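We use all heavy atoms of the structure for the numbers below, so side chains are in, but hydrogens, waters and symmetry mates are not. Because the structure is predicted, anything quoted here is derived from the model rather than measured.
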Amino acid sequence: MSVRQLYWSALGRQWRGGLVLLGCSVLEGAPAFFSGRLVELAVDQGFAAGRPGVGVAWLALFGAAALLGAFGSRLVWHQLGKVVEPLRDALVTAVVRGVLHDPAPPRNRPDASGVARITQHVEVVRDATAGLLVQARAMVVTTIAAIAGLVTVAGQLVLPVAVPVVLSVAVFACLLPSLARRQRALALADEHTAETVGTALSGMRDVVACGAEPVAALGIYDAVDRQASAAVRVAWSGAARSLVISLGGFVPLLLALSLAPAMVARGELTAGGALGALVYLATTMQPALRGLAATAGTVVLRLLVALRRLAETAEVPGEVAGTAEPRGTDLTVRGLTFRWGAAPEPVVRGLDLDLRPGEHLAVVGPSGIGKSTLAGLLTGLLEPQAGQVLLGGQPVRSVHKRHELVALIPQEAYVFAGTVRDNLGLFAPTATDAQLRAAAEIVGAGALVARLGGLDGELGHDKEGLSAGEAQLIALARVYACRARIVILDEATSHVDPIIEAHAERAFAARGGTLIVIAHRLSSALRAGRVLVLDGHETALGHHTELLRRSRRYAELMQAWTEPVPEAHAG
């Protein structure tokens, strides 16, 4: 489903709220329809006829109509959230899915442009839709009511005032394409600025360490300048739009003021009718026309541009649940190749691998060589450009309830606000308290759970009160408690000491199933049954002693890890 289809579908599901808004529109438009007519009656039948009481009565009725319109407006605002908020939730979901299915996501840094789409473009769609439901709807209703009222009061003036209105609307329509292009350019500039600043700030320590502050600052200055230039162009277009609409609303009023006296003198129009016509034009038609044009020129344009941008980044294939039933939990990898985006060299190239239940594999290699990428491919989170990963003889991405068979613990452990029990039982909702406590004890997190107040202890937002190592212990216990038969530790013990790391790895190896450890320390390779060495073009697989003989890269890694770094001597 495209973003635009999602947009209209989400709105369509709120049809009850739409009917309420339609009913409120009738109440809201009452003052616009009756205003000029009631003023005409107040003048002709009341004040001009020497009966001020009658005139005041008609004006009092005008006030009652205004109160009725205000009540209608109140109902509109009351119903607005029920229509708009579900739309926002649906769009945020679409953006998140688009980010997760991005074939070339940012590596090792947050997706700042994705954040901009959620915080800016989705909010633009939300606010623009709310504006259309409130402003544009009210302006259309008010304009129609004012024209209908003007026909009943001074039909002779309808044609002279309609011509400039139609001309201004036509000119305004001609300006819309350029307005849309400039608004889109501004949206893209906003994204570029957010991505540039986010990249620089997330890597600030590296920027400072390398002395690259001037380069980073120039990049940010350039992005901000582009954004400012795009904003200025949008402002100039807005000024031209405002001029056209102002003329379209002001010229009809001038024509009415110039024509009405002669018409009153000839008896074609009463004084009350002339005043009523001016009320329609000055207090209803002109503000409605300006508001309608302003809404079309800003709200509608921003809505269309934001929807188009979201469609470019958030449209993903329909979510298809895996239906294949695996025959066992064997992992088979054949010809696996993956590259990030348009990068010329793949980070995983033609990999073949067979893992049987009960095996313990360590994956080692230089930083950035593709170890975490391999973890994403084995779990089905990433789709390879070539080759395949089979789980129980079935493509891993098509396996039914894959999340119950395969578990991945990344380096940055996720801990959410809630109780310790909620966190440990996330993947094992039916586990008993005894099972959760046992899982924590086995991986070495028992003392931590006790310090936190047991299973009922509360954990704060964003790992508040926990060190990085303690958060990793929570994640290890959470996965140990689940039913997954294939566990991948992607540097999941990088923040704990080597003793706890060894204890946790041995616990998972004894748990049964398949264990794959993306090694943070090379001691993990010594504990594994087999070791996979990733080294760009070359890949080696075997036992530790075997690889020391035939893999130069593995031998170099082991030598660098075991030999102490010589101390520098002052000279």
Side-chain angles (χ1 to χ4, degrees), residues 329 355 357-362 375 378-379 381 391 401-521 523-524 526-529:
T329 57
L355 288 173
E359 287 202 65
H360 179 183
L361 175 73
L378 294 179
T379 55
L381 296 176
L391 173 57
K401 294 185 178 180
R402 181 176 79 240
H403 64 281
E404 294 184 1
L405 298 175
V406 183
L408 168 66
I409 307 180
Q411 181 178 5
E412 295 299 325
Y414 176 68
V415 177
F416 57 88
T419 65
V420 175
R421 180 184 292 103
D422 294 336
N423 277 271
L424 297 185
L426 179 64
F427 302 143
T430 61
T432 64
D433 287 357
Q435 291 172 328
L436 295 180
R437 281 191 289 267
E441 287 288 347
I442 291 172
V443 300
L448 171 63
V449 171
R451 183 180 68 80
L452 294 173
L455 296 179
D456 293 320
E458 291 288 337
L459 298 178
H461 173 67
D462 195 24
K463 297 178 281 192
E464 181 182 357
L466 293 177
S467 68
E470 289 172 337
Q472 288 186 332
L473 285 176
I474 294 292
L476 289 169
R478 172 194 298 152
V479 170
Y480 192 94
C482 76
R483 297 185 298 174
R485 305 312 299 162
I486 299 174
V487 174
I488 301 177
L489 307 181
D490 185 6
E491 300 193 10
T493 55
S494 58
H495 297 296
V496 301
D497 64 57
I499 296 177
I500 296 178
E501 177 183 63
H503 177 82
E505 287 183 10
R506 291 192 180 99
F508 274 99
R511 175 177 176 267
T514 303
L515 175 63
I516 302 171
V517 179
I518 308 297
H520 175 70
R521 301 180 181 95
S523 55
S524 296
L526 303 178
R527 290 186 289 269

Is any side-chain heavy atom of Leu459 less than 4.5 Å from a side-chain heavy atom of Asp422?
no
Check: Gln472 and Ser494 side chains under 4.5 Å, non-hydrogen atoms:
yes
Is there a side-chain contact between Leu448 and Leu466 in this structure, where contact means two heavy atoms from C-beta onward sitting under 4.5 Å apart?
yes
Measure the shortest side-chain to side-chain distance between Val517 and His360 over non-hydrogen atoms and say whether it is less than 4.5 angstrom.
yes
Which atom of Ala477 lies closest to which atom of Ala439, heavy atoms considered:
O-CB, 3.8 Å
Inter-residue atom distance Cys482.SG - Leu405.CG, 0.5 Å rounding
10.0 Å
Heavy atoms, side chains only, cut-off 4.5 Å: are Asp490 and Gln411 in contact?
no
Between Thr493 (side chain) and Val496 (backbone), is there a donor-acceptor pair under 3.5 Å?
no
Rounded distance (nearest 0.5 Å) linking atom NE2 of His503 with atom CD1 of Ile442:
8.0 Å
Checking the side chain of Arg402 only, and the main-chain atoms of Thr379 only, is there a donor and an acceptor separated by less than 3.5 Å?
yes
Which atoms form the tightest heavy-atom contact between Arg485 and Arg511, and what is the distance?
NH2-O, 4.2 Å
Val487 side chain near Tyr480 side chain, heavy-atom distance below 4.5 Å
no
Value for CD1 (Ile409) from CD1 (Ile518), rounded to nearest 0.5 Å, stands at 12.0 Å
For Arg478 versus Val415, what's the shortest heavy-atom pair and its separation?
NH2-CA, 4.1 Å
Taking every non-hydrogen atom, the tightest pair across Leu476 and Ala492
CD2-CB, 4.4 Å
Please report the closest heavy-atom contact between Gly446 and Glu441, naming both atoms and the distance.
CA-OE2, 3.6 Å
Separation between CD1 (Ile516) and CD1 (Ile488), nearest 0.5 Å, reads 4.5 Å
Step by step, work out the side chain to side chain contact (heavy atoms under 4.5 Å, CB included) result for Ile486 and Leu355.
CA-CA 10 Å; Ile486 299 174; Leu355 288 173; over 6 Å; no
Are Ser524 and Glu501 packed together at the side-chain level, in the sense that at least one heavy-atom pair is separated by less than 4.5 angstrom?
yes
Once you round to the nearest 0.5 Å, how far does NZ of Lys401 lie from CZ of Arg483?
7.5 Å
Compare all side-chain heavy atoms of Phe416 with those of Asn423 and state whether any distance is below 4.5 angstrom.
yes
Do you know the tightest heavy-atom contact between Leu473 and Val443?
CD2-O, 4.0 Å
